[in-house]
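Both backbone and side-chain heavy atoms feed into the values below; hydrogens, waters and symmetry mates do not. Here the structure is a predicted model, which means the values were calculated and not measured.
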Amino acid sequence: MKITICTLFPEMFSGVLSNSIIKRAQEKNLVQIEVVNIRDYTKDEYGRVDTPPIGGGAGLIMKCQPIVDTLKAVRGDNSHVILFSPRGEKYTQEKCKELCSLNKDIVLVAGHYEGVDERVNKYVDELISVGDYILTGGEIPAMIVLDSVVRLIDGVISSESLESESFDNGLLEYPQYTEPYDFEGDKVPDILYCGNHQVIDKYHLKESLKITKQYRPDLLENRKLSKQEKALISEIDEGIEHPKWEQDAISKGKKFIKNS
């Protein structure tokens, strides 16, 4: 896959592209990333890419010609062009997966200032919004899409790491712990030491449901709950912290450790 970022501020991406997972993905040739400066394509005799809006209004608007000519130069026959806009579909993990499954090169257009000439919209395939708040430009949204898409490309990170992430199954991720067992009186749940991975998976699901219910109840509103999920939510609603199935697993785990 190739991802091209069209921006007025290419220097903003130097750190993002030269560190961590995105750097390794490029080194493995799993993704090709190009940052293109829209300023290079302006035909304005003074090199300007923005202008006050016709009819009056606050701020400056990015001109149509530099953006369109940039797109004509970088987009191929198998490209999907995205412009970041408050009108666009809100970006989610499902949209991220959708972009990965297109099997197309992605072109990200980062607007700036007070917006872009309305006519630019005709030259893009999709509008995307990363949230209902105001940013100075589309560079940070481009970084968000870049990072979230690259990590889903086969071979970039292990499939095991992707399986239990927040939002991947429509729930927030369950809590995770490291050694030591007891840190300043705060202990790792005993159930995680029981050795029964089926029970641990059940515990993880319950914790995911609990956290989602607390922090993002909207994610549960339209979810078709399985029989197991309904039972676990009942335990949560009734305030049952350590149900019998959990106590039994801990008890059996302790016996196994003692006898081994």
What do you reckon, is [atom1] of [X] surrounded by more than 12 foreign heavy atoms closer than 6.0 Å?
| X | atom1 | result |
| --- | --- | --- |
| D186 | CG | no |
| D154 | CG | no |
| R48 | CZ | yes |
| K213 | NZ | no |
| Y181 | OH | yes |
| Q198 | CD | no |
| Y215 | OH | no |

Checklist entry - Do N29 and Q26 have a side chain donor and acceptor closer than 3.5 Å? => result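 Q26 and N29 do not have a side-chain donor-acceptor pair below 3.5 Å.
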
Next on the checklist: Does either side chain, that of H204 or that of E173, offer a donor lying less than 3.5 Å from an acceptor on the other one?
Outcome noted: no

What I'd like to find out is whether the side chain of [X] reaches to under 4.5 Å of the side chain of [Y], using heavy atoms alone.
| X | Y | result |
| --- | --- | --- |
| I5 | E34 | no |
| I236 | K206 | yes |
| L127 | F84 | no |
| E118 | N121 | yes |
| V31 | K2 | no |

Item to check | side chain to side chain contact (heavy atoms under 4.5 Å, CB included) evaluation trace for D117 with I67 | outcome: CA-CA 9 Å; D117 188 305; I67 299 175; over 6 Å; no

Item to check | Aromatic ring proximity, centroids under 6.0 angstrom, Y203 and Y174 | outcome: no

Item to check | R39 to F9 six-membered ring, cation-pi geometry met (6.0 Å, 45°) | outcome: yes

Checklist entry - Under a single-linkage definition using a 4.5 Å side-chain heavy-atom cutoff for Ile, Leu, Val, Met, Phe, Trp and Tyr, are I240 and L205 assigned to the same hydrophobic cluster? => result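 Shared cluster, no.
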
